Amino acid sequence: MKAQWLLIVILISGIYTVNARNNGKIVPGYLRCEYKVDPLGIDVTSPRLSWELHSDQKNQYQSAYQVMVASSVEKLNNDEADLWDTGKVQSALTNQLPYSGRELLSRQECYWKVRVWNADDEVSAWSEAAYWSMGLIRYADWKGTWITHRAGVNNKDKYKELYLPPARYFRKSFSLDKKVKQAKAYFTSAGVFELRLNGEKVGKDHFTPGWTDYDKRIYYVTYDVTGQLVDGENVVGAIAADGWYAGYLGFALFIRSERVREFYGVDPAVFGQIEVEYEDGTKEIIATDQTWQSNQGPVREADILMGESYDARMEMPGWDRPGYDAKDWSKPRPSFPPDGKLEAYPTEPVRHIEEIRPVKITEPKAGVYIFDLGKNFAGVVRLKVEGESGQKITLRYGEMLHDDGTLMTENLRKARATDYYTLKGDGVEEWTPKFTYHGFQYVEVSGLSAKPDKGMITGIVMNSPTPQASTFRAANNMSNTLYKNILTTQFANFFEVPTDCPQRDERLGWTGDAQIYVRSAAYNADVASFFTKWLADLDDAQRTYGAYPNYAPFPYSRADQFSPGWMDAGIIVPHTLYKMYGDTRVIERMYAGMKKFMTFQLEASKDYIRPPGGMNYGDWLAVGQQVSDGFIAAAYFGYDARLMSEMAKAIGNEEDADYYAQLFEHIKKAFIKKYITEDGIIRDDDTETAYALALCFDLYPGHLAAKGAARLASMIRANGNVFSTGFLGTKHLMLALSANGYSDLAYDLFMQTKYPSWGYSIENGSTSIWERWNSYTREQGFGGGAGNNAKMNSFSHYAYGAVAEWMFRYGLGIDTEGVGFRDIIIRPQINSRMKAMQGSYRSINGKISSGWEIKDNKLHMEIGIPVNTKAKVYIPAFGKNNIRVNGRSLHKADDLTILSRDSDHTVLEVGSGTYVFTCE
Ligand code: BGC
């Protein structure tokens, strides 16, 4: 009873506070700058601002806004907007608003707030203050020099023995004798580094400054270190390791490439400065230079692919704290800086995201223990052990177990993926590697002196933080597992770049995988800044002759490293960011390169048919018929032209928009002539993928599309409603079916559990998305099905997870008319086998939800539309088509408009709010 009363009081006070705040008005919140909350040290001189709107009332719009930006929080609170005051601007804009106040210089601190007016011209309260600061924009701001520490020479036979040098340690003691007002650290490295200050790690980031083509750009990160400084002596330290800069990279060793490591440089180096501002207004800079000291330490090996080894006996207690005697340390060596331009890190660096406990320990061989962490993820483990000094613990990682319970590592190829810890023998010791990561579910631990318990290992999930943007639930449980597996695999691979897989000797930003998946990724999570960063990598990696390469960054410079369906990422990914977030800056930034790419394709074409070329990966990993390389090349060229025309228009380049629209028409005409018969059959390429691509890319003549779709559907049925398509065909097949009236068939595929299908892998225990339909089959296990190729068999490969796009656009029916979800489409494809689906997507304009259920001969739909947007809602014809809205007959509803009714749908237009529809 008591608890109930408490609940009622909480509820009433909740309602009261919402109303007191809200007053029936709209309230701005979730203020972001360049897609980030309160970012530090950015270098975009006209950063874009955004906010979300909330209201407890229906049909709410923003009629005007006012943004104030001030150089201090005090000024902002006093409405002294000394940097920018927009005044009241009549506009519905809530995102992509470019700052256009006073010029932003290095180190500028910017505090900002926004208020908005609703349709009745009532003003909201000011939002809470948000923040951003500028980094070091001018080269002259940097005062230090690059320093390194030599740690041996590589004279190993590169194919026979690994060369794994130790991490380098750097330190500098400095004294502060006045009261500090604030301090920031701006640092980078050639390699990967961890910054330390007075015995503690600075910030929460890992693998900074990330992976770029260091000869073109190298990022620095900014930290507020005010709270970490002390009076008197302070010590700043840095530990740097090879990382992507100098370590093993991709499959270079596997293919015995001439170079297997050190693709950008040899010795990891650090560079940066701490800037201290005293209360008396004076400033001091402590920058890396020859007055620092350098050394090796307990991190004996540190390589992303191979693993890390740590000898606790070599620890140097207190090395990064005041009072340490550093007499054995050396003077660092000066290092040539990488050629790239220093830029602020544009997205969120890799972090520790979640800790997971083992679910099971087994002992398949005496003294060899396997910890099962319950899911396949990317990251590391924290080891907690006790033992003798010099005792060496070995940690190996794998995604699967063999039948005898031992760890399967064949599919890691040349990635050693092994960590070593040597004990100092000093009670309980804890260790977490810093400079490596693995893709795994199982950890094999050996070298222990006693039977372990589950507390010995903690799994640490790591990735580049991309806030989850979606929810999904279906009446069919297998689909819920599929959704979970898709998220797990996306997060395991959004690790600095969108990698193909996190475990084997690859982990490259494969362009084909990225382009096929980017729209799914964007439904699942807020990937705007993550992909903005990767597009810089892709732009940097563009070949001089115009093609976008197979992966980016692109460290191996070889000829013809491009492929139709892969290189098109250079057009498709920017277009998707534009479509999902209304981002036009990414188009401007990529534009010159995209034009060059289009010219490259056009020049290779004959009569507008782009021939195959480069590597021609085809419909990669298809298990049935294979569409021809020529078809893929020709189809994607058409698609690119269409997207280019839209993007040119988006940035106001009408001339180019017309040019690419015409180019698309030419390509389409030539394509139809070459490939499509008068019966709508695809000539010489009568394959599922060919139909799927032609239909999705608008390459079918309008009057024949229905015939093409019918042919596609009949082929799928003839194949027993299972897949035969690969990376390129699979998602397009699902989209093409639903776009052409075959959603029921799409659902049959979606819910299929026979091989090959998503359901098959789930019924066989998958906790992630597998690289191949036949990564594992009941008959042939791990190797046989995959063409006797256990080595090329990843269990964490997001490409086939691209069905998420279908789940959101068609299953739930959440889509955008135009770009950026201002004009929303809610058009779920209901299905009597599936029975119910419910989910949401947090768009840049706020959260959109959609759910439907077929129950008691009624169709129920419940939708949520964010403030400042409107939606076209398609209610499928059902029963006698008697529709009620929020309990009232449709015709009595005065808060929506009926746009049209036909035998398929009733189409309504609604404003913000939640709506419950029933149809019987
Ligand atoms: C990667 C793929 C990639 C492919 C190119 C593989 O090794 O793992 O995901 O797209 O190569 O065909």
Side-chain angles (χ1 to χ4, degrees), residues 248-257 304-305 376 378 399 410-415 417 438-439 486 489-490 492-518 520-521 534 537-538 541 547-556 558 560-570 572-573 612-623 626-629 632-633 636 689 725-732 761 768-775 782 786-803:
Y248 288 91
L249 216 49
F251 45 65
L253 185 57
F254 181 63
I255 61 166
R256 296 175 79 87
S257 110
I304 292 178
L305 294 176
N376 192 332
E399 297 180 283
E410 295 87 311
N411 69 337
L412 305 182
R413 291 195 315 218
K414 293 282 180 195
H438 315 288
I486 290 172
T489 304
Q490 173 167 330
N493 280 293
F494 282 28
F495 202 108
E496 179 59 24
V497 301
T499 61
D500 53 337
C501 52
Q503 73 299 83
R504 70 172 173 238
D505 54 350
E506 208 146 349
R507 311 188 198 182
L508 299 167
W510 280 96
T511 45
D513 309 39
Q515 71 85 358
I516 211 70
Y517 189 74
V518 60
S520 292
W534 185 69
D537 298 333
L538 187 57
Y548 291 104
N550 292 332
Y551 38 85
F554 191 68
Y556 320 132
R558 290 205 200 150
D560 285 355
Q561 288 281 302
F562 61 86
S563 180
W566 270 247
M567 59 186 178
D568 310 274
I572 295 167
V573 177
M615 303 291 285
N616 293 312
Y617 293 122
D619 188 16
W620 186 245
L621 303 185
V623 285
Q626 185 58 263
V627 61
S628 75
D629 295 336
I632 293 176
Y636 268 96
T689 295
T725 43
F727 277 23
L728 303 184
T730 302
K731 95 152 181 193
H732 287 118
S761 67
S768 51
I769 301 295
W770 295 349
E771 179 173 19
R772 302 163 176 270
W773 291 124
N774 51 9
S775 280
F782 298 125
N788 277 324
N789 194 354
K791 290 195 163 126
M792 178 80 191
N793 194 3
S794 142
F795 293 88
S796 182
H797 230 82
Y798 63 70
Y800 277 127
V803 65

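In each ligand, atom 1 is the first atom listed, and ligand 1 is the first ligand listed. Small disclaimer: the values here were computed from a predicted structure and weren't measured. All residue numbers in this chain count up from 1 along the given sequence.
At a threshold of 4.5 Å between non-hydrogen side-chain atoms, the residues Phe495 and Pro502 do not count as touching. With contacts defined as side-chain heavy-atom distances shorter than 4.5 Å, the pair Phe494/Thr499 does not qualify. The side-chain heavy atoms of Gln515 and Tyr548, taken from C-beta on, include no pair separated by under 4.5 Å.
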Give every pair made of an N or O atom of ligand 1 and a protein N or O atom lying under 3.5 Å apart, one pair per line with both atom names and the distance to 0.1 Å, or write 'none'.
unit_1: ligand 1; atom_1: 7 (O); unit_2: Glu506; atom_2: OE1; d: 3.3
unit_1: ligand 1; atom_1: 7 (O); unit_2: Glu506; atom_2: OE2; d: 2.4
unit_1: ligand 1; atom_1: 8 (O); unit_2: Asp500; atom_2: OD2; d: 2.7
unit_1: ligand 1; atom_1: 8 (O); unit_2: Arg504; atom_2: NH2; d: 2.7
unit_1: ligand 1; atom_1: 8 (O); unit_2: His797; atom_2: NE2; d: 3.1
unit_1: ligand 1; atom_1: 9 (O); unit_2: Asp513; atom_2: OD1; d: 3.3
unit_1: ligand 1; atom_1: 9 (O); unit_2: Asp513; atom_2: OD2; d: 2.5
unit_1: ligand 1; atom_1: 9 (O); unit_2: His797; atom_2: NE2; d: 2.9
unit_1: ligand 1; atom_1: 10 (O); unit_2: Asp513; atom_2: OD1; d: 2.5
unit_1: ligand 1; atom_1: 10 (O); unit_2: Trp566; atom_2: NE1; d: 3.0

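In this structure, the side chain of Asn376 does not engage the main chain of Thr489 through any donor-acceptor pair within 3.5 Å. Between the side chain of Asn774 and the backbone N or O of Val623, no donor-acceptor pair lies under 3.5 Å.
Ring pair Trp510/Tyr617 is perpendicular by interplanar angle, where above 60° counts as perpendicular and below 30° as parallel.
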